[in-house]
Student: 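Below is the structure I would like to discuss, written out as structure tokens.
Sequence lines set the chain letters: A, B, ... in the order given, protein chains first and strands last, and positions in each chain run from 1.
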Amino acid sequence: MNLKLSQNFWLHTLATIFENKDFGKTLPHGKKVMVEYSSPNTNKPLHLGHLRNNFLGYSVAEILKADGYEVMKTNLVNDRGIHICKSMLAYQKFGKGETPESAGIKGDHLVGNYYVVFDKANKRQIEELVAQYQAETPNEDIEKLKEKAGKNTPLILEAQAMLKKWEEGDKETVDLWKKMNGWVYVGFDETYKTMGVNFDKIYYESNTYLLGKDLVEEGLAKGIFFRKENGSVWIDLKEDGLDEKLVLRADGTSVYITQDLGTADYKYADFPMEKSIYIVGNEQDYHFKVLFTILKKFGRNYANGMYHLSYGMVELPSGKMKSREGTVVDADDLIAEMMSIAETRTKELGKIDDFSEEEAKKLYRMLALGALKYYLLRVDPKKTMLFNPEDSIDFQGDTGVYIQFNHARIASLIRRADLLNNNYQKENYLGKAKLQDIEIELIKLLTSFPQKIKESAQEYAPSVVADFAYNVAKTYSKFYNELSVFNEPDLPTKSMRLALSSATARAIKSAMSLIGVEVPERM
RNA sequence: GUUCUCGUAGCUCAGCUGGAUAGAGCAACUGCCUUCUAAGCAGUAGGUCGCAGGUUCGAAUCCUGCCGGGAACACCA
């Protein structure tokens, strides 16, 4: 009797899940949240670290949507500054009019190459300078000489002069800047498209870098900031466990924090949000603590909703990625390699020989990105993680491809059921079907989807949803191996199994879409 | 030096708002394709939860100290 009650309870639970197309998601409640992510520099192409950032940002935005928020995805592009001038200067000196078309490489890579050229040439100049200094002052500490040389090479001085020209609006400089940034944007757009991420609004630092000076005045007037004798403006945050922090230079120019203060107001005026999430690496923890503390002191009503999603670095088995040592994993290269591996593996299995080339390519991309995204998102965002190239292309076990595979398998079942006109609406199984333990386990698991979405939204942790998807796939896989759907003689039970399979497929698809991963119908 | 952060099986990670025998995957080994996709399933083996104290009826989980890894502390961004 008890058993029967319990069976019916789970059957009804299944029916409820099956009938709710948006199962797991919260209805829109109108609250607004801004998610800022990606935020690349326009002097070099995207790398592995950016991939974690972009996948996280996109996923967090999707998860917040599923939690009922109205989401504005933004990208604050760092398109100006001394580092940009370095690429520009190197191009001016050594570029010989090369273009992405003439060189046959993506614009972001081309510009990145000139950044490297600058760095190499500059390094030689540093060595020369240090040697010169040593001859002049043999007793001085070598590290100090290196530091001094680093600030005074002819190339650095030229780059600084160029930055000044840019700020003054010098036409030639600005034109070069526009041309090269234009190349980079074409390259970035291509990479973003391949990655499957996008933005609702793009901010450019060239438009926002002067913001915040009025806030300095406001801070002085409110007595939050104070001016030192040389004219520089500071805030004392010792009571908040932080130090004194400069907010305006003695010459009246802005620093990073000045700009971010102004940009915060600017963004809020654009999109009056309850929450504002900054997806930025954990090396900037201190900066964001200071930023948020200042905004709270200013009494900004949005300040309490600000959150720095401080994600950990991605390390390689050989250690940290270092551009100087050439150990940076390029995003485009990595994705291309993953696709080629997906292609090889798929061809070996030979299950999609009837696919058109276009369909096949779409699948390779889906599998490659699925593997990569899942690999990077299954880990708690806050933690430093290891990127092991060999593991990341693994398609077995706790991987994106495993989950995709289970979806494809169910899709195959459903196709067959539809072909046979099998009906699996609840009338066919409620009160009649018999549930095995593994089926109850699966239904229970599906039931937890809404709370998993809530949890991942509250923690800003896509890993929670990723883990859910994996567990569903794993449990389904077990069910699939233990019990047969089409060979089940009891018709109500057969219907129930089809409904359960269908509900599972939808949960997998839905959860995977929250981490930005598509699932195939066949693979 | 100060502050932050991490330390769970050989490796990569879950678990951490305290609760019973600490879970996956990879790698190793053993089985399973004439039945719905084997990119799969089942099983074996593998752990003093960095160390030492403390709080508690109870600690991987909370507190303190130590050890070890990473990071941040510019009139850089």
Student: Which is true for A:Glu482 with a 4.0 Å heavy-atom rule: it touches a base, it touches only sugar-phosphate, or it touches nothing?
Tutor: nothing

Student: How does protein contact run along nucleotides 18-34 of chain B, one letter per nucleotide 5' to 3', with B for base contact, S for sugar-phosphate only, - for none, heavy atoms under 4.0 Å?
Tutor: ------SSS--------

Student: Ring of A:Phe355, cation from A:Arg522 - is the NZ or CZ under 6.0 Å from the centre and inside 45° of the axis?
Tutor: no

Student: Just checking A:Tyr402: base, sugar-phosphate only, or nothing, at a heavy-atom cut-off of under 4.0 Å?
Tutor: sugar-phosphate

Student: Could you please name the option among B:U37, B:A77, B:C36 that lies closest to any side-chain atom of A:Phe486?
Tutor: B:C36

Student: Quick check for you: among B:U37, B:C41, B:A14, whose closest atom lies nearest to any side-chain atom of A:Lys478?
Tutor: B:C41

Student: If you only use heavy atoms from C-beta on, which nucleotide in B:A39, B:A14, B:C36 is closest to the side chain of A:Tyr480?
Tutor: B:C36

Student: Rounding to the closest angstrom, what is the interatomic distance between B:U8 and B:C73 at atom P?
Tutor: 27 Å

Student: Output yes when A:Lys164 and A:Glu168 qualify as a salt bridge under the 4.0 Å nitrogen-oxygen rule, no when they do not.
Tutor: yes

Student: With a 3.5 Å limit on both atom pairs, tell me what B:A72 is paired to, counting Watson-Crick and G-U wobble, or say none.
Tutor: B:U2

Student: Classify A:Met385 by what it touches in the nucleic acid, base, sugar-phosphate, or nothing, heavy-atom distance under 4.0 Å.
Tutor: sugar-phosphate

Student: Quick check with a 6.0 Å cut-off and a 45 degree axis cone: is A:Arg409 positioned over the face of A:Tyr480's six-membered ring?
Tutor: yes

Student: Pick base, sugar-phosphate or nothing for A:Asn487, based on heavy-atom distances below 4.0 Å to the nucleic acid.
Tutor: base

Student: Roughly how many Å is it from NE2 in A:His407 to C1' in B:G40, rounded to a whole number?
Tutor: 17 Å

Student: Under 4.0 Å between any heavy atoms, over every strand shown, what does A:Ile403 touch: base, sugar-phosphate, or nothing? Just pick one.
Tutor: nothing

Student: According to a strict under-4.0 Å criterion, is A:Lys383 in side-chain N/O contact with OP1 or OP2 of B:G70?
Tutor: no

Student: By nearest heavy atom, map A:Asn481 and A:Gln259 onto RNA chain B; which one lands nearer the 5' end?
Tutor: A:Asn481

Student: Between B:C6 and B:C16, how far apart are the C1' atoms? Round to whole Å, please.
Tutor: 13 Å

Student: Give a yes or no on this: more than 12 heavy atoms of other residues, nucleotides or ligands lie within 6.0 Å of atom NZ of A:Lys296.
Tutor: yes

Student: If you check the A:Lys320 side chain, which of B:C13, B:A71, B:A39 turns out closest?
Tutor: B:A71

Student: What does A:Glu348 touch in the nucleic acid at a heavy-atom separation under 4.0 angstrom: a base, only the sugar-phosphate, or nothing?
Tutor: nothing

Student: What does A:Ser412 touch in the nucleic acid at a heavy-atom separation under 4.0 angstrom: a base, only the sugar-phosphate, or nothing?
Tutor: base

Student: With both distances kept under 3.5 Å, what pairs with B:U21, Watson-Crick or G-U wobble?
Tutor: none

Student: With side chains defined as the heavy atoms from C-beta onward, is the minimum distance between A:Ser276 and A:Glu36 less than 4.5 Å?
Tutor: no

Student: Is it true that the NZ or CZ of A:Arg378 lies under 6.0 Å from the centre of A:Tyr375's six-membered ring and within 45 degrees of the ring axis?
Tutor: yes

Student: Counting side-chain heavy atoms from CB outward, which of B:A14, B:A71, B:U37 is closest to A:Asp380?
Tutor: B:A14

Student: OP1, OP2 of B:C41 versus side-chain N and O of A:Ser477: anything below 4.0 Å?
Tutor: yes

Student: Can you check whether A:Tyr286 has a side-chain N or O nearer than 4.0 Å to OP1 or OP2 of B:A74?
Tutor: no

Student: Which base sits across from B:G65 as a Watson-Crick or G-U pair, both distances under 3.5 Å?
Tutor: B:C51

Student: Does any nucleotide pair with B:C29 by Watson-Crick or G-U wobble geometry, both distances under 3.5 Å, and what is it?
Tutor: B:G43

Student: B:U35 pairs with which nucleotide, Watson-Crick or G-U wobble, both distances below 3.5 Å?
Tutor: none

Student: Does atom NZ of A:Lys509 have more than 12 heavy-atom neighbours, drawn from other residues, nucleotides or ligands, at distances under 6.0 Å?
Tutor: no

Student: Let's see if you can work this out: which of B:C36, B:C13, B:C4 has an atom nearest to the side-chain heavy atoms of A:Val485?
Tutor: B:C36

Student: Can you tell me the base-pairing partner of B:U56? Count Watson-Crick or G-U wobble geometry only, both distances below 3.5 Å, and say none if there is no partner.
Tutor: none

Student: When rounded to the nearest Å, what value does the distance between P atoms of B:G25 and B:A45 take?
Tutor: 15 Å

Student: side-chain contact (heavy atoms from CB on, under 4.5 Å), that's the test. Do A:Phe288 and A:Asn282 meet it? Break it down for me.
Tutor: CA-CA 10 Å; A:Phe288 280 100; A:Asn282 62 10; over 6 Å; no

Student: With heavy atoms under 4.0 Å as the rule, sort A:Asn406 into base, sugar-phosphate or nothing.
Tutor: nothing

Student: When all nucleic acid strands are considered with a 4.0 Å heavy-atom cut-off, which category describes A:Thr253: base, sugar-phosphate, or nothing?
Tutor: nothing

